[in-house]
Amino acid sequence: MDKAGAADTLTGGPRRRRVRGERGGAPLPLLVPALIGLAFLVLPLVALLIRAPWRSMPDLLTSSEVWQALQLSLLCATAATAVSLVIGVPLAWLLARVEFPGRGLVRALVTLPLVLPPVVGGVALLMALGRNGVVGRWLDDWFGVTLPFTTAGVVVAEAFVAMPFLVISVEGTLRAADPRYEEAATTLGASRFTAFRRVTLPLIAPGIAAGAVLAWARALGEFGATITFAGNFPGRTQTMPLAVYLALQNDPEAAIALSLVLLAVSIAVLAGLRDRWMTAS
């Protein structure tokens with residue numbers, strides 16, 4: 001090997017030159033559809049900003065109907081996220097740390113709401129928790145609890161579609177965390193629950209936070225399952241997406257204003273998660 005080759009081997013010269021070549025100009029057959037795809041995704045959002053009634057925006061956003069929908073959306077999305085945290089984090093731990101028969105099937109069932117049409121999810125909730133549902137009839141007879149077409153029903157519908165985002169995020173974080181820390185805690189006399197509470201939770205806190213933000217954003221934007229299971233009653237079950245749908249028929253400017261609020265929330269979520277998923281490797 002000559003001196004130049006040895007120098008290239010030690011310094012990685014050819015590798016750097018090759019990388020620079022790969023990062024050069026994009027071929028036209030790839031560039032054109034890529035730009036079309038970018039325009040396809042960005043143009044509707046730009047059009048929403050262009051057509052926004054900026055002058056009347058304060059009046060539209062402070063109207064009683066919009067304010068009720070906004071308050072209810074924030075309340076229900078937060079409650080649905082809390083429910084998802086209470087039951088979703090243990091479920092994620094079970095899937096990540098415990099070997100049991102049928103774990104793959106359980107994981108598939110947990111993630112099913114991600115691909116299930118939301119309206120179908122609402123119908124399924126009615127069949128399970130409705131007044132004559134499989135479980136709902138017992139809730140009504142024994143405890144006098146009726147979930148459909150109530151604010152609690154909104155929380156249930158939102159939690160049903162949002163919790164899988166939390167479970168997937170937390171399970172991935174748990175799989176990346178070193179289980180030897182938990183094992184060390186148990187060998188020192190800690191119970192499995194104490195090890196989870198004192199050791200595991202601090203390790204996976206960033207994953208829990210990211211999953212909670214995603215679940216909250218998904219719950220805030222939920223439409224199909226909510227309108228099917230909880231209805232569209234102003235002040236009781238009418239959340240922001242339902243208010244957008246209703247306003248689009250009667251007051252398009254109000255629909256645009258509400259859409260901009262949801263757009264701002266989505267951008268805030270992406271900004272909050274940029275360090276986790278949007279940084280270049």
| query | Partners of Trp142 by ring pair (Phe, Tyr, Trp, His ring centres under 6.0 Å), sequence neighbours excluded? | reply |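 Once residues adjacent in sequence are excluded, the partners of Trp142 under the ring pair (Phe, Tyr, Trp, His ring centres under 6.0 Å) criterion are Trp138.
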| request: Just jot down the ring pair (Phe, Tyr, Trp, His ring centres under 6.0 Å) partners of Tyr181, sequence neighbours excluded, or say none. | output: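 Per chain and number, Tyr181 pairs via ring pair (Phe, Tyr, Trp, His ring centres under 6.0 Å) with no residue.
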| task | Please identify each residue that fulfils salt bridge (charged side-chain N to carboxylate O under 4.0 Å, His left out) with Glu158, with sequence neighbours left out. | result |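 Per chain and number, Glu158 pairs via salt bridge (charged side-chain N to carboxylate O under 4.0 Å, His left out) with no residue.
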I need the [X] [atom1] to [Y] [atom2] distance, nearest 0.5 Å.
X: Arg103; Y: Leu94; atom1: CZ; atom2: CG; value: 8.5 Å
X: Met163; Y: Ile87; atom1: CE; atom2: CD1; value: 4.5 Å
X: Arg218; Y: Leu114; atom1: CZ; atom2: CG; value: 8.5 Å
X: Asn232; Y: Thr226; atom1: CG; atom2: OG1; value: 10.0 Å
X: Leu262; Y: Ile267; atom1: CG; atom2: CD1; value: 11.5 Å

Can you tell me which residue pairs pass the salt bridge (Lys or Arg N to Asp or Glu O under 4.0 Å) test with a partner in [range], sequence neighbours excluded?
range: residues 105-127; answer: Arg107-Glu171
range: residues 127-147; answer: Arg131-Asp140
range: residues 239-264; answer: none

| field | Residues, nucleotides or ligands: over 12 heavy atoms within 6.0 Å of Arg198 CZ | value |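 12 or below, so no.
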Indicate yes or no: at least one non-hydrogen side-chain atom of [X] is less than 4.5 angstrom from one of [Y].
X: Leu129; Y: Pro148; answer: no
X: Val154; Y: Phe229; answer: no
X: Leu49; Y: Leu260; answer: yes
X: Glu222; Y: Pro241; answer: no
X: Arg192; Y: Phe196; answer: no
X: Met57; Y: Ile256; answer: no

| request: Please list, chain by chain and in numerical order, all residues satisfying side-chain hydrogen bond (donor to acceptor under 3.5 Å, both in side chains) with Ser191, sequence neighbours excluded. | output: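 Residues passing side-chain hydrogen bond (donor to acceptor under 3.5 Å, both in side chains) with Ser191: Thr194.
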| said: The criterion is side-chain hydrogen bond (donor to acceptor under 3.5 Å, both in side chains); which residues satisfy it with Arg180, sequence neighbours excluded? | reply: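 Partners of Arg180 under the side-chain hydrogen bond (donor to acceptor under 3.5 Å, both in side chains) test: Asp178.
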For a quick test of reading the model, state the closest non-hydrogen atom pair linking [X] to [Y] and the distance between them.
X: Pro164; Y: Val110; value: CG-O, 3.4 Å
X: Leu242; Y: Thr237; value: CD1-O, 3.4 Å
X: Ala185; Y: Ala195; value: CB-CB, 3.9 Å
X: Ala247; Y: Ala255; value: CB-N, 3.8 Å
X: Gly121; Y: Phe160; value: CA-CE2, 3.8 Å
X: Pro44; Y: Ala39; value: CD-O, 4.2 Å

Using only atom types and a distance under 3.5 Å, with no angle test, would you say the side chain of [X] pairs donor to acceptor with the backbone of [Y]?
X: Gln68; Y: Leu70; answer: no
X: Thr187; Y: Ala184; answer: yes
X: Thr150; Y: Gly153; answer: yes

Verify same cluster id: [X], [Y] (apolar side-chain graph, 4.5 Å):
X: Leu258; Y: Val265; answer: yes
X: Val156; Y: Leu112; answer: no
X: Val161; Y: Leu125; answer: yes
X: Phe100; Y: Val167; answer: yes
X: Ile168; Y: Leu166; answer: no

| What ring-ring contact (aromatic ring centres under 6.0 Å, His included) pairs are there with at least one residue in residues 231-269, not counting sequence neighbours? |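 Those involving residues 231-269 are Phe223-Tyr245.
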| query | Which pairs pass ring-ring contact (aromatic ring centres under 6.0 Å, His included) with one or both residues in residues 44-74, sequence neighbours excluded? | reply |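 Output for this query is empty, none listed.
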For residues 199-210, dump all side-chain donor-acceptor pairs below 3.5 Å to protein atoms at least two apart in sequence or in another chain.
{"unit_1": "Thr200", "atom_1": "OG1", "unit_2": "Glu182", "atom_2": "OE1", "d": "3.4"}
{"unit_1": "Thr200", "atom_1": "OG1", "unit_2": "Glu182", "atom_2": "OE2", "d": "3.2"}

| query | Does anything in residues 73-82 pair up under side-chain hydrogen bond (donor to acceptor under 3.5 Å, both in side chains), and if so which pairs, sequence neighbours excluded? | reply |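 Every pair satisfying side-chain hydrogen bond (donor to acceptor under 3.5 Å, both in side chains) with a residue in residues 73-82: Thr78-Trp216.
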